[in-house]
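Residue numbers start at 1 and run along the sequence shown.
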Amino acid sequence: MPHSQFEDLAPYYDELMDVVPYEFWADYVVTLFNFVGYYPQTLLDCACGTGNLSYELAKLGFQVTGIDLSQPMILEAQKKTAPIQAAFPIQFFQGDLTAFNLERTFDAATCLYDSLNYILWISDLQKAFCCVRKHLKPGGIFIFDMNSEWAFEANLFTQRSTNPKKSLHYEWRSRFDQESRVCTVSMNFKKKIDSGDEVVFRETHQERAYSLQEVESLIDVTGWQLLHIFDAYTLNRPHRRSERWFFVVKAI
């Protein structure tokens, strides 16, 4: 994804995402591991952002390493988890999912919150699958999610928040191009700071809609075995209006 994304937003990202149930996400990841009878110890959290999920997974007993393209997000993750490193040692690295090398392998990997949709070219998505595969031991499990085609077509990413109880307000406008399959979201933010002043900034994010068939094909040619695809946060098969898909794949 372009470096301009998650740069100005990084210091305020946790405030933006304070409604996200990261503990529930971590529990769901464990549910999927249990569902396939796999019990990893070391885990690579891809596109880890500010480390919220990494922290929740570490609390559940995993030895977690996080990687993210955005250096400002990684710095926020390191700063936030510094006080708990003695109890939950987590390593964070800056790196591009299409071309990273940590020179070690893990039992499992995760990549959540539609991070892979930010990879706009199918050739780059293939590289990302290959890179993650190189970092997993044979038989390791990779759990990742993706926004569905329907989520983009239904314009779910045009959003607005002016909650007076919050100091961060935003207005997002999304546009989905049917030909390129790319959704462009123009994000405008206003943040009240302690001095009473207001910080105004803007980011433009882009995600691509991939079909299930495209993703399954890439899984097949990059050293993985597809085990399951679920409608998000359930153990049900995806349906026509699934907003998000979860994939469970095995390194072969």
Side-chain angles (χ1 to χ4, degrees), residues 1-2 5 28-29 32-33 35-38 40 42-48 53 65-69 93-153 176-183 205-232 234-240 242-252:
M1 73 186 70
Q5 298 176 138
Y28 181 60
V29 167
L32 297 183
F33 282 138
F35 189 80
V36 297
Y38 189 68
T42 58
L43 188 146
L44 176 63
D45 187 19
C46 300
C48 64
L53 179 65
T65 297
I67 185 169
D68 196 276
L69 178 61
F93 297 94
Q94 189 275 334
D96 187 329
L97 289 188
T98 67
F100 70 100
N101 183 8
L102 299 181
E103 298 184 344
R104 61 166 295 192
T105 56
F106 300 83
D107 298 330
T110 54
C111 189
L112 301 191
Y113 213 67
D114 51 272
S115 297
L116 292 176
N117 290 101
Y118 277 85
I119 299 176
L120 303 183
W121 300 100
I122 196 164
S123 58
D124 284 339
L125 184 57
Q126 181 171 342
K127 291 176 184 177
F129 283 156
C130 287
C131 273
V132 177
R133 172 62 190 89
K134 291 177 182 177
H135 286 77
L136 256 62
K137 299 172 183 177
I141 297 296
F142 180 29
I143 294 172
F144 63 92
D145 71 11
M146 299 186 80
N147 279 330
S148 70
E149 296 173 284
W150 183 84
F152 296 109
E153 293 167 349
F176 182 57
D177 185 280
Q178 288 283 355
E179 184 175 350
S180 67
R181 310 298 290 160
V182 170
C183 179
H205 289 212
Q206 290 186 305
E207 296 193 25
R208 175 170 172 174
Y210 290 93
S211 69
L212 281 175
Q213 292 75 18
E214 286 176 315
V215 180
E216 290 177 36
S217 177
L218 288 182
I219 289 169
D220 186 56
V221 300
T222 53
W224 303 98
Q225 175 189 355
L226 176 61
L227 300 181
H228 299 285
I229 307 174
F230 295 114
D231 181 39
T234 75
L235 296 177
N236 301 325
R237 293 173 59 85
H239 52 83
R240 188 177 65 84
S242 292
E243 296 180 17
R244 186 184 301 269
W245 306 314
F246 267 77
F247 297 81
V248 183
V249 301
K250 180 179 180 180
I252 55 177

**Q** Does NZ or CZ of Arg133 lie under 6.0 Å from the centre of the six-membered ring of Phe129, at an angle within 45° of the ring axis?
**A** no
**Q** Looking at the rings of Phe100 and Phe93, which for Trp means the six-membered one, are their centres under 6.0 Å apart?
**A** no
**Q** About how many Å separate CG of Leu32 and OG1 of Thr110, when rounded to the nearest 0.5 Å?
**A** 11.0 Å
**Q** Evaluate the ring planes of Phe142 and Trp224, with Trp represented by its six-membered ring, and classify them as parallel (under 30°), tilted (30 to 60°) or perpendicular (over 60°).
**A** tilted
**Q** List the atom of Leu136, the atom of Thr105, and the distance in Å for their closest heavy-atom pair.
**A** C-CB, 4.2 Å
**Q** Over all heavy atoms of both residues, which pair between Gln94 and Leu69 is shortest? Give the atoms and the distance, please.
**A** NE2-O, 2.7 Å
**Q** Side chain to side chain contact (heavy atoms under 4.5 Å, CB included), that's the test. Do Arg181 and Ile122 meet it? Break it down for me.
**A** CA-CA 11 Å; Arg181 310 298 290 160; Ile122 196 164; over 6 Å; no
**Q** Working to the nearest 0.5 angstrom, can you tell me the gap between Gln225 CD and Ile219 CD1?
**A** 10.5 Å
**Q** Quick check with a 6.0 Å cut-off and a 45 degree axis cone: is Arg208 positioned over the face of Phe152's six-membered ring?
**A** no
**Q** Nearest heavy-atom pair of Glu149 and Tyr210: which atoms, and what distance?
**A** CG-O, 3.5 Å
**Q** Under the side-chain contact (heavy atoms from CB on, under 4.5 Å) test against Phe144, which residue among Val132, Asp114, Val215 passes?
**A** Val215
**Q** Roughly how far, to the nearest 0.5 Å, is NE2 of His135 from CG of Asn101?
**A** 5.0 Å
**Q** If you round to the nearest 0.5 Å, how far is CD of Glu153 from CD of Gln178?
**A** 5.0 Å
**Q** With no hydrogens and no angle check, is any side-chain donor or acceptor of Tyr113 less than 3.5 Å from a backbone partner on Ala47?
**A** no
**Q** Of the non-hydrogen atoms in Glu214 and Ala209, which two are nearest, and what is the gap between them?
**A** OE1-O, 4.3 Å
**Q** Between Ser148 (side chain) and Ser242 (backbone), is there a donor-acceptor pair under 3.5 Å?
**A** yes
**Q** Working to the nearest 0.5 Å, report the span between SG of Cys111 and CG of Leu53.
**A** 10.5 Å
**Q** With under 30° as parallel and over 60° as perpendicular, where do the rings of Trp245 and Phe247 fit, or are they tilted in between?
**A** perpendicular
**Q** Return the minimal non-hydrogen interatomic distance between Ala108 and Phe33, and the atom names on each side.
**A** CB-CZ, 3.6 Å
**Q** Counting only heavy atoms not in Lys137 (residues, nucleotides, ligands), do more than 12 fall under 6.0 Å from its NZ?
**A** yes
**Q** Go through Ile141 and Val248 one step at a time and tell me if the side chain to side chain contact (heavy atoms under 4.5 Å, CB included) criterion holds.
**A** CA-CA 7 Å; Ile141 297 296; Val248 183; 3.8 Å; yes
**Q** Distance check, rounded to the nearest 0.5 Å: Ile67 atom CD1 versus Leu44 atom CG?
**A** 6.5 Å
**Q** For the residue pair Leu116 and Leu125, establish whether any side-chain heavy-atom pair is separated by less than 4.5 Å.
**A** yes
**Q** Where do Cys46 and Leu97 come nearest, in terms of heavy atoms and distance?
**A** CB-CD2, 3.8 Å
**Q** What do the steps show when you test Glu216 against Ile229 for side chain to side chain contact (heavy atoms under 4.5 Å, CB included), and what is the final call?
**A** CA-CA 10 Å; Glu216 290 177 36; Ile229 307 174; 3.6 Å; yes
**Q** Could you tell me if the ring centre of Tyr28 sits under 6.0 Å from that of Phe230?
**A** no
